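Keep in mind it's a predicted model, so treat the numbers as computed, not measured.
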Amino acid sequence: MSEIELIILQLVSRGEGKYSWYEIAQGLSRLDVPREPDMLSVLKKLEIEGLLTRRIEPDSPRDSWELTGEGRKIVESFISPCYVINNPI
């Protein structure tokens, strides 16, 4: 798993199912992480792999991302000082 994938999983975890792609992008912009591949590609990849789910609000273009059980296991297994994100978005 790449650094950007782990960080995105942590950001989604912190959002507790309430963060849209925009909040995730804001969180990434404050961190020194690789920008390739782009965030939306990584979100979609993690969704296909069964680590994230995406909800689109009815009658709205707003989405929200949430960890699956498998995604949560990965975040919990990689918690270490170098990956913990403490800054608020």
Side-chain angles (χ1 to χ4, degrees):
M1 177 150 298
S2 71
E3 179 183 13
I4 193 167
E5 290 171 336
L6 287 171
I7 290 172
I8 286 175
L9 286 174
Q10 283 192 322
L11 286 168
V12 171
S13 175
R14 191 171 69 191
E16 299 178 345
K18 297 175 186 162
Y19 284 176
S20 71
W21 68 267
Y22 181 76
E23 283 92 7
I24 297 166
Q26 283 187 312
L28 279 177
S29 72
R30 292 183 176 95
L31 302 170
D32 182 25
V33 295
R35 298 296 186 229
E36 292 293 328
D38 70 273
M39 180 204 67
L40 287 176
S41 296
V42 175
L43 284 170
K44 290 175 185 177
K45 177 182 182 281
L46 294 171
E47 180 181 27
I48 289 168
E49 291 175 353
L51 303 176
L52 295 178
T53 57
R54 179 184 181 212
R55 280 193 327 269
I56 299 175
E57 295 181 18
D59 302 321
S60 170
R62 182 172 166 79
D63 65 359
S64 59
W65 293 87
E66 186 170 11
L67 291 177
T68 63
E70 287 301 309
R72 193 167 289 108
K73 286 179 191 175
I74 289 173
V75 168
E76 290 169 359
S77 72
F78 277 97
I79 291 181
S80 72
C82 65
Y83 283 107
V84 174
I85 300 168
N86 292 318
N87 299 330
I89 289 182

Under 4.5 Å between any side-chain heavy atoms of M39 and I24, yes or no?
yes
Does a salt bridge link E5 with K45, judged by any charged N lying under 4.0 Å from a carboxylate O?
yes
Side-chain H-bond candidate by donor/acceptor type, S29 with Q26, under 3.5 Å:
no
side-chain hydrogen bond (donor to acceptor under 3.5 Å, both in side chains) partners for S41, two or more places apart:
D38
Sub-4.5 Å side-chain heavy-atom contact between W21 and L40:
yes
Side chain proximity check, L51 to E47, heavy atoms < 4.5 angstrom:
no
Can you measure from OG1 (T68) to NZ (K73) and round to the nearest 0.5 angstrom?
9.0 Å
To the nearest 0.5 Å, what is the distance between OH (Y19) and OG (S13)?
10.0 Å
Sequence-distant partners of S64, side chain to side chain contact (heavy atoms under 4.5 Å, CB included), two or more places apart
R55
Point-to-point distance, once rounded to the nearest 0.5 Å, from CZ of R72 to OG of S77:
13.0 Å
Got a second to check how far Q10's CD is from L31's CG, nearest 0.5 Å?
9.5 Å
Quick check on side-chain contact (heavy atoms from CB on, under 4.5 Å): which of V75, L28, L6 does L11 satisfy it with?
L28
State, yes or no, whether a side-chain contact exists between L43 and W65 at a heavy-atom distance under 4.5 Å.
yes
Test M1 against I74 for side chain to side chain contact (heavy atoms under 4.5 Å, CB included), laying out the working first.
CA-CA 10 Å; M1 177 150 298; I74 289 173; 3.8 Å; yes
Check side chain to side chain contact (heavy atoms under 4.5 Å, CB included) between K44 and all other residues, then give those that pass, not counting sequence neighbours.
none
Is the shortest heavy-atom distance from the side chain of L46 to the side chain of V12 under 4.5 Å?
no
